[in-house]
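Keep in mind the model is a prediction, meaning the values are calculated, not measured.
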Amino acid sequence: MMDQVRTRKVRRTAAWGGALALVGAAAVGCASVPGTPHPSSGGAATVPAVNGPVQLAGWKLTLPVAGKKGDAAGVNPAAPMPPYLVAESNGTLTLWAPVGGSTTPNSSHARTELDSLTSFPAGSGRHVLTATVTVTQLPQQEPDVIVGQIHGADDISSIPYVMLHDADGAIGVVVKQKQSGSTSDKYPLLDNVPLGTSFRFTITDNGNGSLTFTATSGGRTATANAPVPQAFSGASVRFQAGAYQQADSTQGGAAPDDGARLIFQELTVGT
């Protein structure tokens with residue numbers, strides 16, 4: 001397939017695939033049954049690390065199990081916590097977030113997610129999240145998972161900001177425009193990325209008031225650019241990456257094997 005490079009900006013819109021719900025976590029079971037029927041290329045469990053073992057140094061972890069206060073538990077610094085976070089022998093990390101389970105106080109969605117221990121002022125200095133990921137399972141009722149974010153930190157630590165989705169094979173970014181409410185811009189990148197197919201993405205704060213997003217898979221590359229919203233300019237933010245699945249975890253009744261599962265083959269924060 002010929003390389004396709006696309007740069008798109010779309011008008012302000014409402015939340016996309018639940019992306020503007022705040023981050024949460026869930027805690028039930030672990031299985032390999034796919035949560036959605038769209039095609040899989042297979043072999044995802046054996047994908048190799050891209051640049052050596054994926055490192056957990058510099059991250060903390062939110063788990064989909066209840067902590068001491070009844071909300072989602074945290075591990076700081078991050079460490080393997082099977083079955084939710086598994087350090088595989090081939091250097092990759094497997095993350096599993098079941099639909100049903102504990103959530104953080106401001107969320108209705110399950111997650112197993114890594115949060116960077118380093119925050120930075122949005123729009124000031126260049127900061128880049130780079131990852132190669134293979135999504136192998138999505139939730140049945142809402143086949144959507146956020147795999148990378150720029151998220152509020154410190155006094156706005158409950159507020160999402162930039163969210164990169166795999167929504168049933170459509171890779172795209174939502175940028176929240178205000179610190180409250182659902183006003184956002186959407187930036188589509190790639191479509192028709194099957195389960196079990198690796199894609200590489202970057203989320204970049206260029207440090208000059210602009211953001212850049214890229215996604216590459218199967219010979220296709222897409223790029224989008226966006227301004228840093230005024231509401232977030234200078235605010236303390238951090239990178240997050242993981243399986244932040246978008247099915248509602250508060251409704252109950254989800255099967256133990258329903259959720260989002262993915263494999264990080266590469267995960268770095270740089271400048």
Side-chain angles (χ1 to χ4, degrees), residues 8-25 57-62 71-72 74 76-78 103-109 111-131 145-165 172-189 201-215 223-244 246 267-271:
R8 296 187 187 180
K9 180 176 179 181
V10 294
R11 297 181 183 276
R12 183 170 299 174
T13 185
W16 174 29
L20 297 179
L22 302 182
V23 178
W59 302 92
K60 62 182 179 179
L61 174 66
T62 299
D71 299 318
N76 188 3
T103 66
T104 56
N106 297 298
S107 176
S108 60
H109 303 288
R111 65 168 171 166
T112 297
E113 191 172 40
L114 294 163
D115 299 355
S116 176
L117 295 174
T118 302
S119 59
F120 59 92
S124 177
R126 190 171 189 268
H127 301 273
V128 186
L129 175 68
T130 301
V145 62
I146 296 172
V147 298
Q149 299 192 62
I150 305 176
H151 196 281
D154 300 324
D155 59 349
I156 61 166
S157 61
S158 64
I159 299 174
Y161 170 31
V162 175
M163 294 145 281
L164 190 143
H165 290 249
V173 179
V174 172
V175 180
K176 192 172 181 179
Q177 297 298 300
K178 297 181 179 180
Q179 292 190 15
S180 61
S182 60
T183 304
S184 65
D185 285 355
K186 295 196 302 185
Y187 299 87
L189 293 171
F201 70 85
T202 63
I203 300 174
T204 303
D205 184 329
N206 294 305
N208 60 2
S210 70
L211 304 163
T212 299
F213 319 119
T214 70
T223 302
N225 297 293
V228 173
Q230 184 176 359
F232 289 94
S233 182
S236 181
V237 297
R238 64 174 180 245
F239 287 119
Q240 298 183 185
Y244 175 20
Q246 294 297 289
L267 181 62
T268 60
V269 172
T271 57

Measuring from atom CD of Gln149 to atom NZ of Lys176, what distance do you get when rounded to the nearest 0.5 angstrom? 11.0 Å
Nearest atoms (heavy-atom pairs only) where Val174 meets Ser184: CG1-CB, 3.8 Å
Nearest 0.5 Å, what's the CG-OG1 distance between Leu164 and Thr214? 9.0 Å
Which is it for Thr130 and Thr204 under the side chain to side chain contact (heavy atoms under 4.5 Å, CB included) test, yes or no, and what are the steps along the way? CA-CA 9 Å; Thr130 301; Thr204 303; over 6 Å; no
Whether Arg238 side chain and His151 backbone form a donor-acceptor pair below 3.5 Å: no
Give the minimum heavy-atom separation between Ala235 and Ile156, together with the two atoms involved. CB-CD1, 3.8 Å
Out of curiosity, Phe232 CZ to Asp205 CG, how far, rounded to the nearest 0.5 Å? 12.5 Å
Step by step, would you call Gln246 with Ile146 a side chain to side chain contact (heavy atoms under 4.5 Å, CB included)? CA-CA 8 Å; Gln246 294 297 289; Ile146 296 172; 3.7 Å; yes
Determine whether Val175 and Pro229 make a side-chain contact, defined as any pair of heavy atoms from C-beta on separated by less than 4.5 Å. yes
When you look at Val237 and Val162, which way does the side chain to side chain contact (heavy atoms under 4.5 Å, CB included) test go after all the steps? CA-CA 10 Å; Val237 297; Val162 175; over 6 Å; no
Which value, rounded to the nearest 0.5 Å, describes the distance between Phe120 atom CZ and Ser236 atom OG? 8.5 Å
Identify the two heavy atoms, one from Asp154 and one from Ser119, that lie closest to each other, and give their separation to 0.1 Å. OD2-OG, 3.7 Å
Candidate list Thr202, Ile150, Ile203, test side-chain contact (heavy atoms from CB on, under 4.5 Å), partner Leu129, passing option: Ile203
Do Thr212 and Asn206 have side-chain N/O donor and acceptor atoms under 3.5 Å apart? yes
Backbone of Ala231 reached by a side-chain donor or acceptor of Gln179 within 3.5 Å: yes
Rounded to the nearest 0.5 angstrom, the CG-CH2 distance for Asn76 and Trp59 is 13.0 Å
Distance col, row Gln240:CD vs Tyr161:OH, nearest 0.5 angstrom, shows 14.0 Å
Counting C-beta onward and ignoring hydrogens, is there a side-chain heavy-atom pair between Thr112 and Leu61 closer than 4.5 Å? yes
Using 30° and 60° as the class limits, which term best fits the ring planes of His109 and Tyr244: parallel, tilted or perpendicular? perpendicular
Closest non-hydrogen atom pair, Phe213 against Ala226: CE1-CB, 4.0 Å
